[in-house]
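Accompanying notes for the structure given below.
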Amino acid sequence: MTDFPSRPHRAPLTAMNCHDDSEHLRQRARTLRLLATQLECTAAMELDRFAGPDTWRTPRAELCCTLLRTNQIQLARAVAELRHQAERFDERARVLDAIGTAAGTGS
Amino acid sequence: MTLYGYDPARIVLLRSRLLDAVEELGAIRSDDPAAAHAVRVVTLMRRNLEDSWLPLVDAIHTSTAMVAWRRSAGLVDDTTARVVSRLVEQFAAASAWIRSFGLDDVSDDRLADLLDETLGVVLDATDGRGSFGPALGRLDRVLHEIGQRTSAADELGIPTPAARFAGRHGTSGTERLIEVIDRVGSIEAMGLVGDDTVTTVAARVGPSLAALLGDLVSHLPEAADAMIDRAPRSDHLVRLVLGAPGAFDLAVITELARAIIHHIVGVGEWRDRPRVVSDASRADALLELLARAPGAASELLADPVTLSALATSRRFGPEQVEAVFAAALGPGTGDGASAALARLETLASVVAVATGAPITPGAARGLARSLGPVLPLLAVHLDRRLPVVVTVPGDDAPDGHRTVDLGTHAEVAALFGQLLDDHAAQITLGVLVGSHRAEVAVAAIDSIRERPGLTPADAMGHVAARLADVTRVIELLVVGRAAQDELHAFRHAMDQARSRRLLALLNTTLSTVLAPAVPLAGRISSITTSALTAVIDAGRPSTVPTTGIEADLAMQFTTTAIALAVADPGVRASLGLRRVPTATWNQLTGLLEALHDQADPEERRRLHSRLEHVVASDDDLDAYLENVRALSGEDRQG
């Protein structure tokens, strides 16, 4: 008979474990959303308003503005990703709650 | 055609927003792994703003080359172009203010409040509640604005930002400022690895913090108290003061030094308080600073506890202690009666300290260097039978004089004995006494010239009286040397007795404890004891070093007495020496000149011997010298 490698031990899905984990996931989701809002509201995201052609007009300034726009797009994408990840954490938390409830009622 | 240029006012606004953006991005942190990518983007963005935008904006600030682009573009009419040109010229002329951090429109009171808030932000950041780099950058901007306004306020005679801060935030604001100084100093000292920007900013805010604290201390006595109270526990506060001494009143620096000295030695308020003192280098640095200001050095030593600490503790650098004593008692404190009084009172305190403890070499050398102005006052009041009470003419006393009791003759001599115990101090004393003798000789000549009708006996009396002052000082040195040698002998005897007791105890222990088990141990023990006892008995006490000053001073008496007569034919007549042949005077003049130019001790002795021979060959000269020796007491020096 072939010996199979032992599986890593996992804590049983008890009602208490599920609820703790879901609360942790919800907390992470809130943190990520807060961070997303913070990033959206930074002065860097509207810096281009003060750096237009009325302010300065040099080749190097245009290069800086191009770089800034690139960074702003990257940051906007990162903000979207944060919110998406937060949604996934909330969804996972809901699943865990359901499992936990089922484990608690013995069904 | 491509047009290049910029709008100065909008550049200023852009810079302000840029700095806000950098600060905000720097404050963003997250430990969640899911946020790692977002944090990396934030870091990249901040670096781009710092590395590309800020240098460009700063470079534009310092350039006026492209300011007139609107005019050159032909976009406006001639009138507007003239107005713009004028504005450009004014802008260029006032380019110093362009380095604005966006605080130009903030009121003075609001600026004071901003400072207090920023100090709180920095403290929170050092406690881990925020990002330190941006907090420090914000502090840099606020301090820069304060510095600009302080210069203007001084010129206009209006309250400075520090005065406003003192008025609005009082002692608590000062304590917050001092706390920030301490923590920023720690961070600078640590040299944050991998973040040179922070350590550079920390180094930059140091002088601004010093200027602000110095201004604050001058407006708020409680601020000075808070700073002095904190100083013993804060290396950085002292380093800040040493880096910008001009920002602080000397009185504050003196109190600071006093607090640190007390802390190091454990006296005054620190007598029974626990403390950790790693080294005294910051005290040494402060002493060096104060030694350059004689008035402040004198003020420092006016406190008996501080004086005793500096005179007797070996924790402090000898060069620094020497410099402070020399400055405090030297001529730099002034020529008037009050300065003379202060010197004597300090000397009296040193005499009192020296009776109970050995003074350090640094203090000895400093005292020796400074005794020049004191010796003439001291000499006339020396008498072995009486206490040394020096009288100084003073304007505020009823009879126009004030007295300082230096102690008994033996106590003053004991101090001088300790000075002689240091080789360098002994040489200095010898030179000072010799100089004093030369001065009194000149005074003697003047005294005789002013009295043309003097008999030779009276003239010799005038000479002897002046030279007697110096003889009394030399007598003090002789008594002091003897006392110090006696002390050395006493200490040596005590050391010998202690060594013998220890040896006896060791011998007894070996004999009674070990010998029964190891009989040979008893035999070895007695052999060793005998050998060590012989070594102890063979030791000799140390003595006050011999530099030859006594012999030199004795020779100098003769040369001074003779030079006095050689110098002036009119004086010779008054002294009863008119019959001495010219050839003899010429011979004596030549010998005196040779002695003056000769440094070799052996050659000097030979020349002196010849001088004495020439004097002894003439009856009048011989009688003159013998009479002056006797009248001045020099013959009792042996």
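None of these values were measured; they are calculated from a predicted model. Note on naming: letters A, B, ... go to the chains in the order of the sequence lines (proteins, then strands), and numbering restarts at 1 for each one.
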Under 4.5 Å heavy-atom distance to chain B, tell me which part of A/Cys41 shows up: side chain, backbone, both or neither.
backbone

For chain B, which of A/Ala36, A/Ala44, A/Cys65 has the most heavy-atom pairs under 4.5 Å?
A/Ala44

At a heavy-atom distance under 4.5 Å, which candidate from A/Leu32, A/Leu35, A/Val79 has the highest pair count against chain B?
A/Leu32

Hey, is A/Arg28 close enough to A/Asp90 for a salt bridge, meaning N to O under 4.0 Å?
no

Identify which part of B/Leu18 has an atom lying under 4.5 Å from any heavy atom of chain A, answering side chain, backbone, both or neither.
both

Quick check against the 3.5 Å criterion: does B/Glu23 have a side-chain atom that pairs as donor or acceptor with the backbone of B/Arg138?
no

Using non-hydrogen atoms and a 4.5 Å limit, figure out which bit of A/Glu81 sits close to chain B: side chain, backbone, both or neither.
neither

Winner by heavy-atom pair count (cut-off under 4.5 Å) against chain B, out of A/Cys64, A/Ala86, A/Ala78:
A/Cys64

What part of A/Leu75 lies closer than 4.5 angstrom to a heavy atom of chain B: side chain, backbone, both or neither?
both

Minimum heavy-atom separation for B/Leu14 to A/Ala51, with atom names?
CD1-CB, 4.0 Å

Counting heavy-atom pairs under 4.5 Å with chain B, which one of A/Thr70, A/Leu82, A/Leu47 comes out on top?
A/Leu47

For chain A, find which of B/Asp20, B/Leu44, B/Asn48 contributes the most heavy-atom pairs closer than 4.5 angstrom.
B/Asn48

Side-chain donor/acceptor of B/Thr118 to backbone N/O of B/Leu139, under 3.5 Å
no

Rounded to the nearest 0.5 Å, what separates atom CH2 in B/Trp53 from atom CG in A/Leu67?
9.0 Å

A/Arg49 versus chain B, the contacting section by heavy-atom distance below 4.5 Å:
backbone

Given that the side chain runs from C-beta out, which part of A/Glu46 has a heavy atom under 4.5 Å from chain B: side chain, backbone, both or neither?
neither

Between CZ on residue A/Arg77 and CD on residue A/Gln74, distance to nearest 0.5 Å
7.5 Å

Between the side chains of A/Thr31 and B/Asp32, does any donor sit under 3.5 Å from an acceptor?
no

B/Arg164 and salt bridge (charged side-chain N to carboxylate O under 4.0 Å, His left out): which single residue from B/Asp113, B/Asp109, B/Asp116 fits?
B/Asp109

